[in-house]
Amino acid sequence: MKLTLPDNSIRDIEAGSCGFDLAKDIGPGLAKDAVAIDINGEQRDLFDPINEDANVSIITINSEEGLEIMRHTLAAQVLARAIKTIYPDSQLAIGPTIKDGFYYDFKTNKTVSIDSLHDIEKEMKKIIDSKSNITKKLFSRKDALKVFNDNKEPYKKLIIEDSDQKNDFQLYFQDDNQFADLCRGPHLPNLSFIGSFKLTRVSGAYWKGDSNNEMLTRIYGTAWASEQELKKHLLEVEEAEKRDHRKLGKEMDLFHFQDEAPGMVFWHPDGWTIYRNLRNFVRRRLQASDYIEVNTPQVIDRKLWEASGHWDKYRENMYITEIDEEHANEKRVNALKPMNCPGHVQIYNQGIKSYKDLPLKYAEFGLCHRYEPSGTMHGLMRVRAFTQDDGHIFCTEDQIESETGLFIEFLSSLYEDLGFKEFDIKLSTRPEMRVGSDKTWDKAEEALEAAIKNLGYPYRIDEGDGAFYGPKLDFVLTDAIGRDWQCGTFQLDFNLAERLDAYYVGEDGKKYNPVMIHRAVLGSFERFIGILIENYSGKLPFWLAPKQVVIATITSEVDDYGVEILNKLKDAGIRAELDIRNEKISYKVRDHSTKKVPIILALGKNEKNNETVSIRRIGSNDSIEIDLKTALKEIIQENTIY
RNA sequence: GCUCAUAUAGCUCAGCGGUAGAGCACUUGCUUGGUAAGUAAGAGGUCACCGGUUCAAGUCCGGUUAUGAGCUCCA
């Protein structure tokens, strides 16, 4: 038979030969490193016989694919076997690879805590030291079920029973023991190919990812080709932890949380300064883009939420308040607004709107409360009270496309000024839980997809992830260390206007419901500030930084010169502070550097006598003495307000 | 909401049955120092909350609340 290699060369080799034979035929080096083979785009075990002509490539341990296979074997063969050894009562579920590593899910009556991982790691190393060969046997459905019935592995049985496959279930064995695992493969031919690994955490995970199912124990690990690469990865994880906004928020004294108000931010002065800067920035941009800012009540009668559909579809996440004061005649049930849209419709509904009024764009920095499940809260990233940079565009169907284009332009210019150059677009379609007829949804989905298509932006589709009132575009930006954050959203709504009796009078004098577009760029200020802090490691751009300049005196003899500079900076609108504490300059530099102040101006006798300042910027270890006037000019210029 | 873990001074943490400790921060004194921690002293705690075991509980047990890592969710 003829096997075509990646370089298009063809090897003639006896039918029934395997990947290892081929590798040997090509060269001893390749044979030594070979762990699997790719046959017509499908990864197979190295010793699987090949019976007909094919395009093949040998997968070596040094390739990306080889690393994946190594992680897979480490999970399914080594970790799983170690679990069975240490927890003999356990039942194995699944063990896939994930980014940088792998996990394994299993059921046990014992509690597995982070301290248990050490013992499991030790057992894994013992297994690896055996350098066992891994072999595979094919089983019929019946025989495979029997093996796992005898082994008391109910999850493996379930996997087989749920499979469409009739026969040829692959079971992998190691040559020195009883362990058997069902797996689609491929696996390393031998455990000696395993590199360096570390078990990282343990948690619960639902069987098949469904919260109605029982919870299994999940052990996570990371694995790499070498000890150096493992160390490098662990170091990167450590570096990422250093930019955690919760840690930096504390160090920089920006905000805190406390038990009495879980999921709600107490903004400290510096944190609130960042917030105000960001809000002012967005406000100016909205104004320039024909949005009109409005404000709507925090607490609204349940009747409105019933009419809007929130009471029905969103009740679980709403904070409810009851007014039953002693003297109140009626008992009202209110809800804290979880969204601003019904409020905006109330404003729209005041007075009769003509087609000439459209598109009409209301914006609100609306504070919303949503009762998020306790386990989901996470610093500023997931809170129960947050302010959206919310807006609603009331328009005609004809205007959808142009509004989509305008919004994407608007959003990308904001992202760029905030330091995010790249973003992806996701089109989310109708979810199971929704309002409105299928016909309306067809129309909305078609309109949105047509708009994004005609505008030529690349996008991908996320089925079933739309809002309950309409399909949406989500905008996902990428931060400095490559993480994705879903921030902006553009949601088409053909339902709410009708439900809340919003209409406009058309050219023909007839009433029509406007299309409503719910849109946000940052999403929530709280979360976005968290993203900014992590993106910049706390070293925010000059215009956003809460303290922009600190003037630090070296000796008290120059305090008056410091006051003079402080006043000049303040007059120019710079957020400046004077540090005349009885401390050494190195102490002051350290203090303000850890607080991430962008510019430190150090003043000593030299500076005072020469009318200069020593300017030191965050991230630099040098200071430069320059003329005071030049420094002021430079700083003021730097304070670009977007 | 689920699994596991955690909760001690403003912060970071040690103590794990015999009535509370360190470093930093804070206050005061000395020091006026040239770019990431000068020095000494002082002050600071119902050991998250509720209950139980015990002669005795930060310390052991149960519950509650909050937080963390995941899972599920994020309309």
Side-chain angles (χ1 to χ4, degrees), chain A residues 98 103 105 107-108 110-117 200-220 241 244 246-247 250-251 253 256-263 309-310 312-318 338-339 341 370-379 381-384 386 428 431-435 464-470 472 474 486 489 491 518 523-524 527 552-559 580-595 600-607 614-616 618 620-625:
Chain A
I98 49 173
Y103 66 76
D105 284 353
K107 174 102 188 276
T108 171
K110 299 258 166 43
T111 57
V112 181
S113 75
I114 191 91
D115 303 321
S116 322
L117 295 185
T200 48
R201 47 181 175 255
V202 55
S203 81
Y206 299 107
W207 167 241
K208 293 200 158 177
D210 185 336
S211 58
N212 296 314
N213 288 342
E214 61 195 311
M215 182 149 283
L216 308 173
T217 302
R218 173 174 295 179
I219 291 176
Y220 285 92
E241 277 165 12
D244 190 312
R246 291 166 300 183
K247 189 173 140 65
K250 218 174 256 174
E251 283 170 13
D253 192 16
H256 83 271
F257 291 90
Q258 61 187 53
D259 287 13
E260 290 84 349
H310 286 82
D312 208 26
K313 305 287 178 206
Y314 202 61
R315 173 76 177 76
E316 273 185 12
N317 293 292
M318 287 163 73
M339 298 185 196
C341 32
R370 298 181 185 180
Y371 186 80
E372 301 286 355
S374 58
T376 61
M377 265 137 23
H378 182 89
M381 301 302 190
R382 186 87 178 263
V383 288
R384 285 180 174 161
F386 56 95
S428 299
E432 271 177 43
M433 186 88 145
R434 59 177 184 260
V435 295
D465 201 35
F468 75 73
Y469 42 74
K472 60 178 180 169
D474 284 314
Q486 184 174 314
T489 189
Q491 312 177 343
H518 310 243
S524 108
R527 180 159 174 276
T553 52
I554 293 168
T555 154
S556 53
E557 286 171 49
V558 300
D559 286 0
I580 53 168
R581 285 179 299 174
N582 177 16
E583 296 291 352
K584 290 200 168 174
I585 188 63
S586 49
Y587 179 92
K588 294 182 184 180
V589 165
R590 181 187 149 77
D591 192 24
H592 299 117
S593 296
T594 53
K595 299 260 164 63
I600 299 171
L601 298 180
L603 308 180
K605 287 176 201 159
N606 291 342
E607 285 79 3
S614 277
I615 183 163
R616 181 187 166 116
I618 188 88
S620 147
N621 289 323
D622 299 324
S623 67
I624 312 160
E625 186 177 343

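All values reported here derive from a predicted model rather than from experimental measurement. Values reported hereafter were calculated over all heavy atoms of this structure, with side chains retained and with hydrogens, waters and symmetry mates removed. Chain letters run A, B, ... following the sequence lines, proteins first, then strands; residues in each count from 1.
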Which base, if any, makes a Watson-Crick or G-U wobble pair with B:rU35, both distances under 3.5 Å? none
Between B:rU54 and B:rC11, how far apart are the two C1' atoms, rounded to whole Å? 35 Å
So, does the side chain of A:Ser203 form a donor-acceptor pair with the base of B:rU3 at under 3.5 Å? no
Parallel, tilted or perpendicular: which fits the ring planes of A:His310 and A:Phe468, with parallel below 30° and perpendicular above 60°? perpendicular
I'd like the P distance from B:rU6 over to B:rC60, given in whole Å. 10 Å
Interatomic distance at P, B:rG21 relative to B:rU46, whole Å: 15 Å
Nearest to the side chain of A:Ala205 - B:rC4, B:rU67, B:rC71? B:rC71
Students often get this wrong, so: under 4.0 angstrom with heavy atoms, is A:Arg246 touching a base, only sugar-phosphate, or nothing? sugar-phosphate
Of the candidates B:rG38, B:rU35, B:rG70, the side chain of A:Ser623 sits closest to B:rU35
Tell me whether the side-chain N/O atoms of A:Lys250 come closer than 4.0 Å to OP1 or OP2 in B:rU12. yes
Donor-acceptor pair under 3.5 Å: do we get one between A:Ser586's side chain and the base of B:rG34? no
Distance, rounded to the nearest Å, where A:Leu603 contributes CG and B:rG34 contributes C1': 11 Å
If you measure from the P atom in B:rG42 to the same atom in B:rG23, how many Å do you get, rounded? 12 Å
B:rC47 -> Watson-Crick or G-U wobble partner, both distances under 3.5 Å, gives none
Distance between P atoms of B:rC73 and B:rU65 (Å, rounded): 23 Å
With no angle test and no hydrogens, is the base of B:rU32 tied to the side chain of A:Thr555 by a donor-acceptor pair under 3.5 Å? yes
Report which part of the nucleic acid A:Thr553 touches: base, sugar-phosphate, or nothing (heavy-atom distance under 4.0 Å, all strands). nothing
Evaluate the salt bridge (Lys or Arg N to Asp or Glu O under 4.0 Å) criterion for residues A:Glu557 and A:Lys605: first the C-alpha distance (whole Å), next the side-chain angles of each, then the deciding distance (0.1 Å), finally the verdict. CA-CA 7 Å; A:Glu557 286 171 49; A:Lys605 287 176 201 159; 3.8 Å; yes
The Watson-Crick or G-U wobble partner of B:rG17, with both key distances under 3.5 Å, is none
Gap in Å between the two C1' atoms, one belonging to B:rU19 and one to B:rU59, rounded: 12 Å
Base B:rU3 to side chain A:Thr217, donor-acceptor N/O within 3.5 Å cut-off: no
Quick one about A:Thr594 and A:Glu251 (side-chain donor to acceptor, distance below 3.5 Å, no hydrogens or angles considered), yes or no? no
Is the CD1 atom of A:Ile114 crowded by more than 12 outside heavy atoms at less than 6.0 Å? yes
Counting Watson-Crick and G-U wobble pairs only, both distances under 3.5 Å, name the nucleotide matched with B:rA5, or none. B:rU67
Heavy-atom count around A:Glu214 CD within 6.0 Å, excluding the residue itself: above 12? yes
For atom CZ of A:Phe257 and atom C1' of B:rC11, their distance in whole Å: 18 Å
Taking atom C1' in both B:rG45 and B:rU3, compute the distance separating them and give it to the nearest angstrom. 33 Å
Under the 3.5 Å rule, do the base of B:rC73 and the side chain of A:Arg370 count as making a donor-acceptor pair? no
Checking all strands, does A:Asn317 fall into the base, sugar-phosphate, or nothing category for heavy-atom contacts under 4.0 angstrom? base
Is a side-chain donor or acceptor of A:Arg616 paired with a backbone partner of A:Ile600 at a separation under 3.5 angstrom? no
What does A:Met433 touch in the nucleic acid at a heavy-atom separation under 4.0 angstrom: a base, only the sugar-phosphate, or nothing? nothing
Go ahead and name the base partner of B:rA41; Watson-Crick or wobble counts if both distances stay under 3.5 Å, otherwise write none. B:rU27
Quick one: label A:Arg616 by what it contacts on the DNA or RNA (base, sugar-phosphate, nothing), any heavy atom closer than 4.0 Å. base
Mind listing the closest non-hydrogen atom pair of A:Met377 and A:Pro262 along with its distance? CE-CB, 4.2 Å
Looking across every strand, which nucleic acid part, if any, lies under 4.0 Å from A:Glu625 by heavy atom: base, sugar-phosphate, or nothing? nothing
Any N or O donor-acceptor pair linking the side chain of A:Arg218 to the base of B:rC71 at under 3.5 Å? no
Checking one value: the base orientation of B:rG51, syn if chi is within 90 degrees of 0, otherwise anti. anti
Hey, is the side chain of A:His378 poking within less than 4.0 Å of OP1 or OP2 on B:rG70, counting only N and O atoms? no
Between B:rU8 and B:rC50, how far is it from one P atom to the other, in whole Å? 16 Å
For B:rC60, the nucleotide meeting Watson-Crick or G-U wobble distances (both under 3.5 Å) is B:rG52
Any N or O donor-acceptor pair under 3.5 Å from the base of B:rG1 to the side chain of A:Glu372? no
Between atom CG in A:Asp105 and atom C1' in B:rC71, what is the gap in whole Å? 9 Å
Here the distance between atom C1' of B:rU72 and atom CD of A:Glu214, to the nearest Å, is 15 Å
Please determine whether any donor N or O and acceptor N or O are separated by less than 3.5 Å between the side chain of A:Arg590 and the base of B:rA37. yes
Are any of the side-chain nitrogens in A:Asp244 or A:Arg246 under 4.0 Å away from the carboxylate oxygens of its partner? yes
Is the base of B:rG1 touched by the side chain of A:Tyr371 through a donor-acceptor pair closer than 3.5 angstrom? no
Is there a side-chain contact between A:Tyr587 and the phosphate of B:rA25, meaning an N or O under 4.0 Å from OP1 or OP2? yes
